[in-house]
Each structure stands twice: as C-alpha cells, then as structure tokens.
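Presented below is the structure to which this report refers.
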Protein chains: 2
Amino acid sequence: MIRMTSRRSDALSRERIVDATIEILDAAGEDGLTLRAVTAHLATGRGAIYHHVANKDELLAAAADGVLAGLAGDGDPRESIRALALGIFDAIDRHPWVGAQLSRDPFQPAVRRIWTGIGASLHRLGLTGKARSDAGSALVNYVLGAAAQHASGARQAPDDAARRAYLDALAADWAEQDDDPLARESAALLREHDDRAQFLAGVDIFLAGISSLN
Amino acid sequence: MIRMTSRRSDALSRERIVDATIEILDAAGEDGLTLRAVTAHLATGRGAIYHHVANKDELLAAAADGVLAGLAGDGDPRESIRALALGIFDAIDRHPWVGAQLSRDPFQPAVRRIWTGIGASLHRLGLTGKARSDAGSALVNYVLGAAAQHASGARQAPDDAARRAYLDALAADWAEQDDDPLARESAALLREHDDRAQFLAGVDIFLAGISSLN
DNA sequence: ACCTGAACACCGTTCAAGT
DNA sequence: ACCTGAACACCGTTCAAGT
C-alpha cells in the first residue's frame, strides 16, 4: 500500500520551486510573486525556499532563464538573429514579467543566454573583435529595451480591446500635451502600429547598420 | 525680526518633494528611497506627500523627468541624436537609478521627452510616417536598453577600481561556464571595453541602418 | 540535511484628528 | 486646504526548534 503524505508528494527542489515561481508570475504578475505565495503553492514552510535559492532576486532570474531556455537558430545568421529576437518577443507575450526582469541585471543567466546566441550569429556573419562586441552590445541592448517597453504595455493592456482603449487614451493625451503637428502624427501612428512588426523592423535597421561596419 | 519656524521654512510643494526624492535617490539608491526617508528629509508627516503626488511610482517618474529636463540639440540631426543619447548616458552616470526607472513605464514623462527629441531629429533627417516611427522606436528602445544595462553596472561597481574587479570576476565566470573560444574572446573584450564609447558605437550602427530606410 | 513557522525589521498607503 | 502621525495590511529574511 502506498503511504499517503500531505498534499506535497515530492521533496522540495530548486526546479520545483522555480516552476512554481513561473506559474505564480504568469497568474498574478510581478506584484503577485511573494515568498508567501510560493510557499503556499508548494505547501511548505517559509524558510524552506532558502535552502535551495539565495533570495527572491535569484528566484526571479532563474524563472526568466527557465522561460527563455531552448531559444536557438542555426541556419542563415541574419535569419537566426531574427528568430532569436522574435522568440524573445513571443516569450514576453506569454510571460510579460520577463520583459522587466531582463533589464534588472545585465549578468543574469537569461541575458547571458541572449548574448551567447547573438554573439555566435554575428561571428558567423564574419564580425570579429571590437566590431563584434560593439554590434552585439547594440543588438542586445535594443532587444532588452524593446522587451521591457513591450512588456509594460502588455501588462497594462492584457487583451486586444484593452490595448485599443489604452492606445487611444494615450494618443489623446500626447496630442493634448503637445500641439505641434509632429507629435500629433506620432500619436496617430502609435494607435495603428503593430508592436511585433515594429520590433522586427528595428532588428532589420540594426542588421542594415551592421553591414556598414566592415 | 524674522520669525523662526522649525527646520522646515517653506510650505510643502510638489517641486520640493521631487527635489528631496532626487537627493535621496542619489545618496542612497533605489532601495534607499522610502516614503519614510522622504518625509524625514522634509521634516513632515507621512501622509503629507499624498496631497501633492499620487504614489511612489509617480514620485519616481517625476524624479527621472527632473533629471532629464533640458536635454536638447538643434544642429545637424545626426549630431543632435548623438548629443541627446550621450546626455542621457551621462545623466545616468550621475544618477544610476534613472536607468532602471526609464524601463519601468513606456509612457512616463521622461520617456516621452526622449521620444519627442528623437522624433524631431528624425523628421529633420527627412523621415516620415511609418519609416520615422520604426526608426524612432528602434533608437528609443536601444537607448533605454543600454541605459538600463549601464545603470546596473554603475550601481554594482561605483568607482573605477570596483568596476575593474567586477569585470575581471565576470570575465572569469564567463570563461569558466563556457569553454568555447568565442565566449573566451567575448569575456576578454568585456574587460577592456569602454561603456560610453560602445554606447555611442551602437547609436552609430542604428543611424547607419536608418540611412537605408529611404 | 532539510524543513517548519514564529519573530524581526521593515514597507506603502490610508485616515481620523488637528490647524 | 493642508498637514500630522498612528494604524493597517502587508513584505523578505532569519533562526531556534523540530525531523
């Protein structure tokens, strides 16, 4: 006969803690992630977490790395850069909290993963030395910046209707605060733009700029 | 004879609150900014702040906008984009907390200021419609991403010696975790690179890419 | 070694009471 | 209208005590 235990059937592990963290972040957002929520979800005591993870920051970094694991691309270097960038973009659509997390620490595992993927593609593109590190820095910073901005938007307007209303209100606000025609046109374009397409357009501007480096 | 009051000689105002916030952020960093620290600094009661500012988020946004006020550039459009970008970079050197704050909300006043400045320069460069908004989005996202990454570094290694030690440790860590020669070269370049020069190199890559848009 | 849960030292925000 | 400061409803982290 199988011995019945409480709700928790497995021993605690770093992996189970990180999985629970991702579930909570997806369901309740960054503000909903508390150590109390994690321990309740795992039916364990408060301090148990600290046997497997140093603190909340490490927990967030591990969760972000878990979500971004498995992004790659092996074909044409330009295509694999586009694929990597879009993979990050789509991961943020599914897990908006990742966008803010990536900007929090330049040397967390998830960011190192992005650096490595982009660096390898730039190498295959024939860039070396300072040219490669300048290009890599530019692209990584662009991707992280866009990720953070897109995530803030996704957080404040989760569905399509909310997004529509949000951008309308924002465009009206811009047009009101600034009556020069340039600001008005920018506000109008903001309402119509497609975040994902614009993100990719930025990657292509960068790739075009790279061609002028050698 | 002048009437002596307590330490506080002026009435409270939004401006005085924002100035105190900037002083506290500069002295104690983001973690040091608490409503209790602000009220202590102003010798007032806890709730007084809420008569002038909605909440802590608005206080942070107002502080960031205060630091970035007055950035402009009127000459050659490419030069004024470079000047604006460097102005932001240098402001973050003086106030590292600004870097993280700019990524927190895409529609805070400080970010709108950056959009407006870059948009006007791109207009003078002859870009219109979707081309301008794609180019603007690319540049703004790059600048904000680089700002956040640079600020994290500046926070973790305030002076030159600390920065040196920090990058050495990091390069060793990268080289250890990844033994392919590409990672080793990247780690070595990391130790030598100049953040400010690399930031400007990124701006130039995007400007070169933008030239291919029309 | 791993886990528990109470305790500690904080937070941001609200609100009745004062001026 | 503006300000005060106690009170509320939380936090992350630690640590003696258990298994």
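Chain letters run A, B, ... following the sequence lines, proteins first, then strands; residues in each count from 1.
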[N] - base-pair partner by Watson-Crick or wobble geometry, distances under 3.5 Å:
| N | answer |
| --- | --- |
| C:dA17 | none |
| C:dG12 | D:dC8 |
| D:dC3 | none |

Calculate the interatomic distance between [X] atom [atom1] and [N] atom [atom2]; express it in whole Å.
| X | N | atom1 | atom2 | value |
| --- | --- | --- | --- | --- |
| B:Asp31 | D:dC11 | CG | C1' | 14 Å |
| B:Asn55 | D:dC10 | CG | P | 18 Å |
| A:Ile24 | D:dC11 | CD1 | C1' | 15 Å |
| A:Leu35 | C:dG5 | CG | C1' | 14 Å |
| A:Glu30 | D:dG12 | CD | C1' | 16 Å |
| A:Arg16 | C:dC3 | CZ | C1' | 13 Å |
| A:Lys56 | D:dT14 | NZ | P | 14 Å |

task = Identify, between A:Gly47 and A:Thr34, the residue whose nearest nucleotide on DNA chain D lies closer to the 5' end.
result = A:Thr34
Are any of the side-chain nitrogens in [X] or [Y] under 4.0 Å away from the carboxylate oxygens of its partner?
| X | Y | value |
| --- | --- | --- |
| A:Arg94 | A:Asp26 | no |
| B:Glu185 | A:Arg132 | yes |
| B:Asp204 | B:Arg82 | yes |
| A:Arg104 | A:Glu30 | yes |

inquiry  = Tell me if the side-chain of B:Arg46 makes a donor-acceptor pair with the base of C:dG12, cut-off 3.5 Å, by modelled atom types.
reply    = no
ask   = Is the centre of the B:Phe206 ring less than 6.0 Å from the centre of the A:Tyr142 ring?
value = yes
Among [options], which nucleotide sits nearest the side chain of [X]?
| X | options | answer |
| --- | --- | --- |
| A:His51 | D:dC2, C:dT13, C:dC2 | C:dC2 |
| A:Arg36 | C:dG12, D:dC11, D:dC3 | D:dC11 |
| A:Tyr50 | D:dC11, C:dG12, D:dT13 | D:dT13 |

message = Would you say A:Gln108 and A:Gln101 are linked by a side-chain donor-acceptor pair, where the criterion is simply a distance under 3.5 Å?
response = yes
request  = Pick the C1' atom in C:dA16 and in D:dC2, then give their distance to the nearest Å.
outcome  = 15 Å
query = Mind checking the P distance from C:dA9 to D:dA9? Whole angstroms is fine.
reply = 22 Å
query = Which part of the nucleic acid, if any, lies within contact of B:Ile49, taking any heavy atom under 4.0 Å across all strands shown: a base, the sugar-phosphate backbone alone, or nothing?
reply = nothing
message = Within the 4.0 Å heavy-atom criterion, would you say B:Leu33 contacts the bases, only the backbone, or no part of the nucleic acid?
response = sugar-phosphate
message = Reading DNA chain C from 5' onward, which residue's closest nucleotide shows up sooner: B:Ala48 or A:Ser13?
response = A:Ser13
task = Compare side-chain N and O positions of B:His52 against OP1 and OP2 of D:dC2 and report whether any pair is under 4.0 Å apart.
result = no
